[in-house]
Amino acid sequence: MNYTVYVLYSYEFDKYYTGQTNNVKRRLEEHNSDKTGYTKSYQPWILVYEQKFKERRKAMILEKYIKSFKNKNRIKAYIAGWRSSTSRGS
């Protein structure tokens, strides 16, 4: 089973949310519904980052690392760095 670390962004409220799941599509739908506590106040959310892992333990490590930033500028920089590294050679 694959696990995905994801970062969501709310343009309307300029907020980020980080999580991990085994089904990112379902999880995004849940965040954009009334089912989820914190995120329901900042809808709509879009997916701005995702990274897949074969082991949940590794996904949880990255999730914790991103959550440790506590600053949206650090999250933006991390995502920008990931995007530039994944677009090399294209």
Side-chain angles (χ1 to χ4, degrees):
M1 179 177 291
N2 284 325
Y3 297 90
T4 303
V5 175
Y6 61 91
V7 177
L8 305 179
Y9 181 68
S10 168
Y11 280 109
E12 188 171 337
F13 295 95
D14 193 29
K15 296 251 184 218
Y16 286 90
Y17 179 85
T18 303
Q20 60 86 23
T21 184
N22 62 0
N23 186 331
V24 74
K25 182 181 177 188
R26 173 189 49 81
R27 198 69 183 111
L28 179 59
E29 289 171 0
E30 289 173 354
H31 286 299
N32 280 318
S33 73
D34 292 332
K35 295 179 184 176
T36 307
Y38 170 82
T39 57
K40 79 177 182 178
S41 299
Y42 303 106
Q43 295 172 2
W45 294 94
I46 61 163
L47 182 67
V48 292
Y49 171 86
E50 66 179 313
Q51 185 170 345
K52 296 186 184 310
F53 294 89
K54 291 185 179 181
E55 298 176 34
R56 185 171 188 213
R57 177 183 61 82
K58 290 182 179 179
M60 291 173 76
I61 290 169
L62 179 60
E63 176 191 22
K64 185 176 181 179
Y65 174 69
I66 294 172
K67 284 182 172 182
S68 76
F69 294 164
K70 305 280 188 215
N71 178 309
K72 69 179 126 193
N73 291 326
R74 287 193 63 202
I75 295 171
K76 285 180 192 178
Y78 183 84
I79 292 168
W82 169 79
R83 283 188 175 142
S84 69
S85 72
T86 58
S87 65
R88 290 184 189 138
S90 297

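Rounding to the nearest 0.5 angstrom, the gap separating the NZ atom in Lys58 from the CZ atom in Phe53 is 8.5 Å. Distance check, rounded to the nearest 0.5 Å: CG of Asn2 to CD of Glu55 gives 11.0 Å. The CZ atom of Phe69 sits 7.5 Å away from the CD1 atom of Ile75 when rounded to the nearest 0.5 Å. The distance from atom OH of Tyr17 to atom CH2 of Trp45, rounded to the nearest 0.5 Å, is 8.5 Å. Distance CZ/Arg27 to CG/Asn32: 11.0 Å, rounded to 0.5 Å.
Under the 4.5 Å side-chain heavy-atom criterion for Ile, Leu, Val, Met, Phe, Trp and Tyr, Tyr49 and Ile61 are members of distinct hydrophobic clusters.
Pairs of residues two or more places apart, or lying in two chains, that qualify as salt bridge (charged side-chain N to carboxylate O under 4.0 Å, His left out) and include a residue from residues 62-72 are Asp14-Lys72, Glu63-Lys67. Among residue pairs with one or both ends in residues 41-50, those qualifying as salt bridge (charged side-chain N to carboxylate O under 4.0 Å, His left out) are Glu50-Lys52; sequence neighbours excluded.
Here the closest non-hydrogen pair linking Leu8 and His31 is CD1-CD2, 3.4 Å. Here the closest heavy-atom approach between residue Ser33 and residue Lys40 is recorded as O-CB, 3.9 Å.
The residue from Ile66, Val24, Leu28 that alone fulfils the side-chain contact (heavy atoms from CB on, under 4.5 Å) condition with Tyr6 is Val24.
For Tyr9, the ring pair (Phe, Tyr, Trp, His ring centres under 6.0 Å) partners at least two apart in sequence or on another chain are Tyr11, Tyr16. Residues passing the ring pair (Phe, Tyr, Trp, His ring centres under 6.0 Å) test with Tyr42 are Phe13, Tyr38, sequence neighbours excluded. For Lys25, the side-chain contact (heavy atoms from CB on, under 4.5 Å) partners two or more places apart in sequence, or in a different chain, are Asn23, Glu29. Annotation: side-chain contact (heavy atoms from CB on, under 4.5 Å) contacts of Asn22 (sequence neighbours excluded): Met1, Tyr3, Arg26.
Within a 6.0 Å radius of NZ in Lys76, more than 12 heavy atoms belonging to other residues, nucleotides or ligands are found.
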